[in-house]
Amino acid sequence: MSDPLEQLSQQARDAMPRHVAIIMDGNGRWAKQRRFPRTIGHRRGLESLREVVRTASKLGIEYLTLFTFSAENWNRPKSEVDTIMRYLARFLRTEIPEFNSYNVQLDAIGQIDRLPEKVQNQLAKTKETLSGNDGLTMVLALSYGSRQEILDATRSIAAKVKSGELNPDDIDEAVIANNLYTKDIPDPDLLIRTSGEMRISNFLLWQISYAELVVTDTLWPDFRSPQLFAALEDYAKRHRRFGKV
Ligand code: IPE
Ligand code: IPE
Ligand code: MG
């Protein structure tokens, strides 16, 4: 592929977001339209993920957070959950050389201890293998729910208050941010949701306070570099005011 930067206007290059977050939705509908089982949609979705990670890393984006499996997705049929977990473990194993060649690092947010051991082990292994890289950080949100994250943070802050380590008057936004799973990650600048749903579905509620939102009707398995470029062009035209004039 040619340099993806050449596919962008000067305006979009100058306004490159530091952190892009994506709600990767629509795998099931993509499959249904083709009379395939939903799991085929998930498999195709991982191909989109692969391409988007590669392109984002070449564009110089620093963080790419991907809503891969929500805390609520555990309520899906067991067979679908099992297949997603199997695909995920395989993806984390087989993509290592690809990620390495683009200098990509890996991080994960969510209730990781709820994942099958096989996925947890592969996650740790892949993370470790890529730990020497210093390019794009791919953050996988796995068994992730924003309310659960805020709950966990509240519990750990309350424990610090109880032990006398923290004074209630000293709880500020930074204290809360530092107790979230995303503590070392800057807030997203751009949030993309595919498949046309106009909702957040319990994703990064605290962190997206001032993110620009782009919703595209494209289903995730059809979301590739051109759709990422379109979202970045859209983002570049926004005027972020952060409550000011
Ligand atoms: C997103 O696609 C993948 C996950 C949530 C795991 P969906 O599986 O939600 O696809 P739709 O929304 O049913 O089309
Ligand atoms: C959000 O998609 C979660 C992921 C993309 C992993 P869902 O398909 O689970 O969300 P809803 O059900 O449309 O809100
Ligand atoms: Mg969905």
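Note that ligands are numbered from 1 as they come in the structure, with each ligand's atoms numbered from 1 the same way.
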Nearest-contact summary for [atom] - protein heavy atom, Å:
atom: atom 13 (O) of ligand 2; result: Arg199 NH2, 2.8 Å
atom: atom 6 (C) of ligand 2; result: Phe67 O, 3.3 Å
atom: atom 14 (O) of ligand 2; result: Ser201 OG, 2.6 Å

Does at least one non-hydrogen atom of Lys32 fall below 4.0 angstrom from an atom of ligand 1?
no
Give a yes/no verdict on whether any heavy atom in Ser195 is under 4.0 Å from an atom of ligand 1.
no
For [X], take its heavy atoms, then give the atoms of ligand 1 lying under 4.0 Å from any of them.
X: Thr68; result: 6 (C)
X: Met24; result: 1 (C), 3 (C)
X: His42; result: 3 (C), 8 (O)

If you measure every N/O of Asn73 against every N/O of ligand 2, is any gap under 3.5 Å?
yes
Between Thr39, Asp25, Val81, which one has a non-hydrogen atom sitting closest to atom 7 (P) of ligand 1?
Asp25
Could you pull out, from Asn27, Ile84, Leu88, the option with a heavy atom nearest to atom 3 (C) of ligand 1?
Asn27
Using heavy atoms and a 4.0 Å limit, tell me yes or no: is Arg193 in contact with ligand 2?
yes
Parallel, tilted or perpendicular: rings of [Y] and [X] (30°, 60°):
X: Tyr63; Y: His19; answer: tilted
X: Phe242; Y: Tyr210; answer: tilted
X: Tyr144; Y: Phe67; answer: perpendicular

So if I count the atoms of ligand 2 from 1 in the order they appear, which ones are less than 4.0 Å from some heavy atom of Phe69?
6 (C)
Asp25 atom (N/O/S) at minimal separation from the Mg ion (ligand 3)
OD1
